[in-house]
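Hydrogens, waters and symmetry mates play no part in the numbers below; they use all other heavy atoms, side chains included. From a predicted model like this one, the values you see are computed outputs, not experimental measurements.
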Amino acid sequence: MASTTSRSAARLASRAVRTCRTQSVAPSYRPASSFSTSTTRSEQVEERPRWAYTPERMKAPFSQHITKDPSRSEWAVNEDPKLLDEVLKNVLGREGERMLPDELKWLAVTHKSFDQGRRGFNDRLAFLGRQICAIECTLSIITSPPNYNGPENDPFAGRRQPFEDPNLRGVDNLSIKQPSDVLSLAKLAQFALDTGLTKVVRWKPRMPENMKGSGFDPIMSGAVYALIGAVALQQGGKIASRIAREKIMKRLRP
C-alpha cells in the first residue's frame, strides 16, 4: 500500500515538473511590445456559448487523477443543438424547444458528473421540478374516485362512527397509492428512454460497462425533473404544472 502511494506521488511530481518546464514566461516579465489591441484568446473563448466550453481559469495545468483504465475516461455526449430541440419537442410537446433559452436547455440536461460540474449542472432545477411533479401527482390521486373501503376486521366497527365528508374521501386514496409509486425512478428512466432524452443528457458514468450501477435511473429521472424546473423558472409554475400533468404523468400512469 505504501509503495503504491509513493509511486503515485512520484508520478504527480514528475508531471508537475514537466508542466512547469514547458510553461512560457510569466505575463509580468513579458516585454511591453507584446501587448496589442487585437482580440485576445480569452475574449475569443468568451464569445462561445457558456455550455459549449470549459472556462479557461477552471482548468488545472495538469490532472492529478491517475486513470487505471483509460477506456473508462472515454465517453461521448451530445453537442448538437438540433437533436436537443427534437428531444424537447418529444418531452414538452409542440414548440417545446421555444420554451427555454439555449443556456437553460443545456443546463437542464447536464449532470454534475459531466466535466466535473465546471459547465454548471441541473441539481437545483431538478429539485424545483420534483416538488412540482409531487404536488401535481398528489392532487391527481386525491381528486380521483375513492378506492378506499375502510379497514378490514375492525374490532371497533360497531362501537364508533368515523367522521366522513364527501370532500375528504379522496384523501384516503393516499393510503393505497403514493406519488412515489407513480413517479418512481424506473418509470421516469423509461420515460427518458421513450422520449429520447437519454441521447442528449450530458453525464459521465463511473462504470461505462455497468450503466445501472453508475446511476442511470436517478440521473435520467433528475433530467426529467430538471426540464420541469427549467420551464417553471422561465415560463412560470402554471405552465410547468400543466406540462407535468399532460406530458409526463399521463405517460407514467398504467
Interatomic spacing from [atom1] in [X] to [atom2] in [Y] - rounded to 0.5 Å:
X: Phe191; Y: Leu252; atom1: CZ; atom2: CG; answer: 6.5 Å
X: His111; Y: Asn122; atom1: NE2; atom2: CG; answer: 6.5 Å
X: Cys133; Y: Ile228; atom1: SG; atom2: CD1; answer: 5.0 Å
X: Ile135; Y: Ser140; atom1: CD1; atom2: OG; answer: 13.5 Å
X: Thr138; Y: Asn173; atom1: OG1; atom2: CG; answer: 11.5 Å
X: Ser113; Y: Ile219; atom1: OG; atom2: CD1; answer: 5.0 Å

Nearest heavy atoms of [X] and [Y], plus distance in Å:
X: Gly229; Y: Leu128; answer: O-CD2, 3.6 Å
X: Ala232; Y: Ile132; answer: CB-CD1, 3.5 Å
X: Asp80; Y: Asn78; answer: N-OD1, 3.1 Å

Open item on the list: With heavy-atom distances below 4.5 Å as the criterion, would you say the side chains of Leu197 and Leu227 are in contact?
Closed with: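 They are in contact (side-chain heavy atoms under 4.5 Å apart), so the answer is yes.
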Open item on the list: What I'd like to find out is whether the side chain of Cys137 reaches to under 4.5 Å of the side chain of Met249, using heavy atoms alone.
Closed with: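 Result yes, sub-4.5 Å side-chain heavy-atom pair found.
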Output all residues satisfying side-chain contact (heavy atoms from CB on, under 4.5 Å) with [X], sequence neighbours left out; order by chain, then residue number.
X: Lys238; result: none
X: Ser214; result: Trp203, Pro205, Arg206, Met207
X: Pro81; result: Trp51, Trp106
X: Leu193; result: Gln190, Thr198, Phe216

Please enumerate all residues that pass side-chain hydrogen bond (donor to acceptor under 3.5 Å, both in side chains) together with [X], with sequence neighbours excluded.
X: Arg124; value: none
X: Arg242; value: none
X: Arg202; value: Thr110
X: Ser241; value: Glu136

Taking a hydrophobic cluster as the set of Ile, Leu, Val, Met, Phe, Trp and Tyr residues connected by side-chain heavy atoms closer than 4.5 Å, whether directly or through intermediates, do [X] and [Y] fall within one such cluster?
X: Val109; Y: Ile243; answer: yes
X: Leu139; Y: Val171; answer: no
X: Leu183; Y: Leu185; answer: no
X: Met220; Y: Leu188; answer: yes

Open item on the list: Any salt bridge linking Asp123 with Lys112? Criterion: basic side-chain nitrogen under 4.0 Å from a carboxylate oxygen.
Closed with: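 Yes, this pair counts.
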Open item on the list: Tell me whether Lys187 contacts the main-chain N or O of Asp181 through its side chain, where contact means a donor paired with an acceptor under 3.5 Å.
Closed with: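 Pair found, side chain donor or acceptor close to backbone of Asp181.
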Task: Connected hydrophobic set around Phe127, excluding itself, where side chains approach under 4.5 Å - done: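 Reading the cluster by chain and number, Phe127 sits alone, since nothing else belongs.
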Please tabulate, one pair per line, all N/O donor-acceptor pairs under 3.5 Å involving side-chain atoms of residues 84-100, not counting sequence neighbours.
| unit_1 | atom_1 | unit_2 | atom_2 | d |
| --- | --- | --- | --- | --- |
| Asp85 | OD1 | Lys105 | NZ | 2.9 |
| Asn90 | ND2 | Glu86 | O | 3.4 |
| Asn90 | ND2 | Thr195 | O | 3.3 |

Open item on the list: For residues 221-234, which residue pairs pass the side chain to side chain donor-acceptor pair (under 3.5 Å) check, not counting sequence neighbours?
Closed with: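 Non-adjacent pairs meeting side chain to side chain donor-acceptor pair (under 3.5 Å): zero.
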Task: Set of salt bridge (Lys or Arg N to Asp or Glu O under 4.0 Å) partners for Arg119, sequence neighbours left out - done: Asp115
